[in-house]
Amino acid sequence: MSREQKNIFQNTDWVITGLFLLLLLIGWLNIYAAVYNEEHRSIFDISQKYGKQLMWISGSLIIAITILIIDANFFTAFPYPIYIASTLTLIAVIFFGTEISGSKSWFRFGDFGIQPAEFGKFTVALALAKYMSGMNTRIADFQTRVIAFVLILLPAVLIILQKETGTALVYTAFIFVMFREGFSGNIMLGGFFSILLLISALLVNKVVLVILLAVIAVVISFVIWMNSRNRKKAKRYIIGVFALLVVASSSVFGVDYVFSKMKPHQKVRINVFLGKDVDKDLKKKAGYNVNQSLIAIGSGGFSGKGFLQGTQTKYEFVPEQSTDFIFCTVGEEWGFIGSAIVLLLFLALILRIIFVAERQRSSFSRIYGYGVASILFFHITVNVGMTIGLAPVIGIPLPFFSYGGSSLWAFTILLFIFIKLDSNRLLILR
Amino acid sequence: MHSKYSDRQYVIIAIFTFIILIFLARLSYIQLIDDQYKLTARNQAFRYMTDYPARGNVFDRKGKRLVYNQAAYDLMVTPKQVQGIDTNDLCKILGIDKETFLRRMLKARQSPNSPLKQSVFEKELSVENSAILNEKLYKFPGFFLQPRSLRKYPNPIASHLLGYVGEVPPEMTDTSKYYKNGDYIGISGLEKAYETSLRGIKGVHIEVVDVHNRPQGSYMNGRYDTLSVAGKDITCTLDAALQEYGEKLMQNKIGSIVAIDPSTGEILAFVSSPSYDPNLLIGSTLPKNFSILLQDSLKPLFNRALMASYPPGSTFKLVMSLVGQNEKVLFPETSYYCAGGFNYGGEKQLKCDAQHGYLTLQPAITHSCNTYFCHVFSSVMSNRKKYKTMEAVFSSWRNYITSFGIGVRLNSDIPNELRGSLPTIPYYNKVFGEHRWKPNTIISLAIGQGEVGITPLQNANVVCIIANRGYYYIPHTVKAIDRNENDPSLQRFKEKHYTLVTDTSYYNIVVEGMSEVVKSGTAAASQIPGIEMCGKTGTAQNPHGKDHSMFVCFAPRNNPKIAVAVAVENGGWGAEWAAPIGSLMVEKYLTDTITRPLIEKKMLEADFVHHKIISKEKTEHSE
């Protein structure tokens, strides 16, 4: 079935690989800038985060090459065993993991730690690709949808049990994959409007909101009635509209209940994000990160303060500056130019992945490709959105930039399995 | 195989691209348009350390130091950095108890201070305390000594003229670009008038701090730092020895002495009594001492030489003789009869001190005859050949008077100069009604009484005019800035200001009259051996008590070098106190020796303040 490859880099997509290496390099330099100090000037100093990150980067390159060496059939043949192994690890970490600041998602081995949740993402992408590309799988079937959602949600729930809500949210990104494969777009639209509705419910007077919704429902019904020739069909639509109104209204009032069940720090984060008045001290804590992040990025101006010249990030005004808030260093030291270039590089990477996914003859590879693109996109949106105050504070890393081995390796595996699948696209049929 | 939903890739691409575009828009807003983040970043990460320049010194005309700076240290604290220190040790050095220590630490933490920011823990440590602390400072992390400089007056004289320096008032820091909270600024006197020359230019050193306010070195290797420029030294016109002597003569008296060099307009002595030790109004002791001085019933803070207004009396007669001559209604040989007073408006009479009989101009000046000058005034005011109306003649007369610097500000370089008072046409119209006032209505002006008031500075300036025979230089206190006598700000003091009476022969008769005053007139007892002094005694009526003793003089008669105006409040006759004091000032300045020790002793010992305690002793000294 398969011919031997002449060398491991044959048919490798150099655009994706090139963007990957470029982002890796920029990310590393920014970690250097973020934690740089006079006493440890060498970027190779292993006692500092930048030195350690270089080790993680080396590891990730070894992983990348290893993946390119492995037979592509391995990934198409064993998604389920990999998925099951990953799920078991996710369960194990709940019981045997090390607790770090409230969450139990790490296995620690001396100085180093592994976070299984990070690796869960590519296993789900693989399993989903395997399942949805199956001979007898049709997305229109109710059963198919249920199984697909279970595949996605199982690890997400386990990760929530580890109290890593942010990481669990990443799994919602698979909605794009489902959509591409024929899942109704209304679900996405509905999801968008639900979020809008929930935010509005927290922000404005609920009674006013319900009256507004009712007015909209009446107007829509009227338009339907006037424009339809088939009165019977129109009646059905109108009943549907009012049913939706009832659901929407009750959820508006239900928001408070759900909100009251949330953890205090989550409540505060949501309130801060919505710009609502929060108890001063709490606001200081929760709003502090975002505010400092905005100051750092905003003070960068057009061309930035220059490499190693950032004051806000370097002098610890911005917390987590090497991990979740690494984008601040880009914004402060490289300014608008640098931030725009980084964002456009990410966009280029994602669009290239989509382009490459679309050229696959095998639907397995295509679905997996979309999984990769969606996960990367979700991470970038939420992470950068958080640093510039457009998304609530959700602690997930910026791919290839944020300091840390687990996430870097997980993203490398995620991306390089796709590159491997693509390099074999002429050999894999399904 | 072409997927059935292949077109959906464009929807996904559109969503992804759209969100990245929103991010770019947001970035361009916070990075390119909104400035607040740049400002906040600067405030957070930069500490602007002011490099205070040394304030300029002040010297007298002979180069004697009047004001200089002494180093002082403020003990500053950054509460957050204070950890594990030996509180008892620090309290012992500072001489405070533990409660005080805790109270101050609390104050340093609370708004407007902050645990992260430095604030003053103790102001102006004593020299020995700062020396001890400096050695042990390493033991007290979070504390450091901030150098400050305080004014020091080696000789406690001329406090009113020199003025004082204090913290910038809050309302000024809001509007000023230069001054920041806690800066010092000249508040009065010369310190205020020459503030911009004396203060120098502040420098700034930008230091980067981290989130814990720990210094991280200078910003961009000091590329944006500026060096401070030291303030300029100022050479004052005062003669320190004469000033000190004048203050001694005026001790235990209320009043003033102004001495001016008529040939330059330079103020040689500027005494306002009672005075205070300028070293009291320094640094942290200033507010307390200021309020004590302010409450003193003798008003030691009040600058009498500049701001007290007296009836000009005899000085006015001198001006009247000049105006009369210039108007051609008075000649040296003009003679009037004095029968002990000037009768006007039927029953009324303006009394004279004596019955002088027939008098011509020069003896009238010498004897200060009221009757004579009422006639002069009357003839000036009734000159209907030249003037059609009373308003016209009064207006002309008034212009003469103001050209002598009376009733107008002289624009000297001493701040808060008083204008004095000189009635106007609208004023008389208001009091008596239009066309309802005649020369006789305002006859008291003839002898410098009534609605007219003159400051000692103006008084001395009139004497300068007579000494110069027709002109004056604006009286001023600064001779050179940064050793440069041609500083642009001093140019205006080099200009002659002529009065409306320019004929020197008119002045000569007045000078002759004044000379006779000292030779044979009221001031005969104040003659100085070997010096021809011209003077005029005066007694200013005081409705509140004993009359004020006044004297003006200049010497020598030709090429005068000094003009003096003396006022001793409640001293009575001008000849008794003001004239001897004036003559001693002249003698001291011209010969630097006193040949009349008895008179000097009497003057030094005279006490018009009686039981009142001298303010100097009442106030707490800063030492």
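Numbers restart at 1 for each chain; the letters A, B, ... are given by sequence-line order, proteins then strands.
- Of the atoms belonging to Leu294(A), heavy atoms from both backbone and side chain fall under 4.5 Å from chain B.
- A 4.5 Å side-chain heavy-atom check between Ser299(A) and Gln31(B) finds every atom pair outside the cut-off.
- Using a 4.5 Å heavy-atom threshold, the side chains of Phe336(A) and Ile30(B) count as separate.
- The number of heavy atoms from other shown groups lying within 6.0 Å of CG (Leu227(B)) does not exceed 12.
- Taking each heavy atom of Gly298(A) and Lys38(B) in turn, the nearest pair found is O-NZ, 3.5 Å.
- Heavy atoms closer than 4.5 Å to chain B are found nowhere in Phe346(A), neither backbone nor side chain.
- One finds the CG atom of Leu351(A) at 11.5 Å from the CD1 atom of Ile12(B) (value rounded to the nearest 0.5 Å).
- Taking CZ of Phe377(A) as the start and CD1 of Ile20(B) as the end, the distance is 6.0 Å to the nearest 0.5 Å.
- The environment of Glu99(B) atom CD is sparse: at most 12 non-hydrogen atoms of other residues, nucleotides or ligands sit within 6.0 angstrom.
- Atom CG of Leu32(B) and atom CD1 of Ile337(A) lie 8.5 Å apart (nearest 0.5 Å).
- Taking CD1 of Ile295(A) as the reference point, atom CD of Gln36(B) lies at 8.0 Å (rounded to 0.5 Å).
- Open room surrounds OH on Tyr73(B); 12 or fewer heavy atoms of other groups in view lie less than 6.0 Å from it.
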Kindly determine whether Arg180(A) and Tyr5(B) satisfy side chain to side chain contact (heavy atoms under 4.5 Å, CB included), including the steps that lead there.
CA-CA 6 Å; Arg180(A) 171 60 186 87; Tyr5(B) 297 104; 3.8 Å; yes
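- Each of Gly335(A), Ala340(A), Gly300(A) has some count of heavy-atom pairs under 4.5 Å with chain B, and the biggest count is that of Gly335(A).
- Just one of Leu21(B), Ile19(B), Leu24(B) meets the side chain to side chain contact (heavy atoms under 4.5 Å, CB included) condition when paired with Leu343(A); it is Leu24(B).
- Residues Gln9(B) and Phe355(A) are not in side-chain contact: their nearest non-hydrogen atoms beyond the backbone lie 4.5 Å or more apart.
- Between Ile388(A) and Phe23(B) there is a side-chain heavy-atom pair separated by less than 4.5 Å.
- With values rounded to the nearest 0.5 angstrom, Ile13(B) atom CD1 is found 11.0 Å from Ile350(A) atom CD1.
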Derivation and outcome, ring pair (Phe, Tyr, Trp, His ring centres under 6.0 Å), residues Phe16(B) and Phe176(A)
CA-CA 10 Å; Phe16(B) 286 7; Phe176(A) 290 112; 5.1 Å; yes
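- Applying the 6.0 Å contact sphere to OH of Tyr29(B) captures no more than 12 heavy atoms from other residues, nucleotides or ligands.
- In this structure, Arg8(B) CZ and Met178(A) CE are separated by 11.5 Å, a value rounded to the nearest 0.5 Å.
- Proximity to chain B (any heavy atom under 4.5 Å) is restricted, for Phe327(A), to the side chain, taken from C-beta onward.
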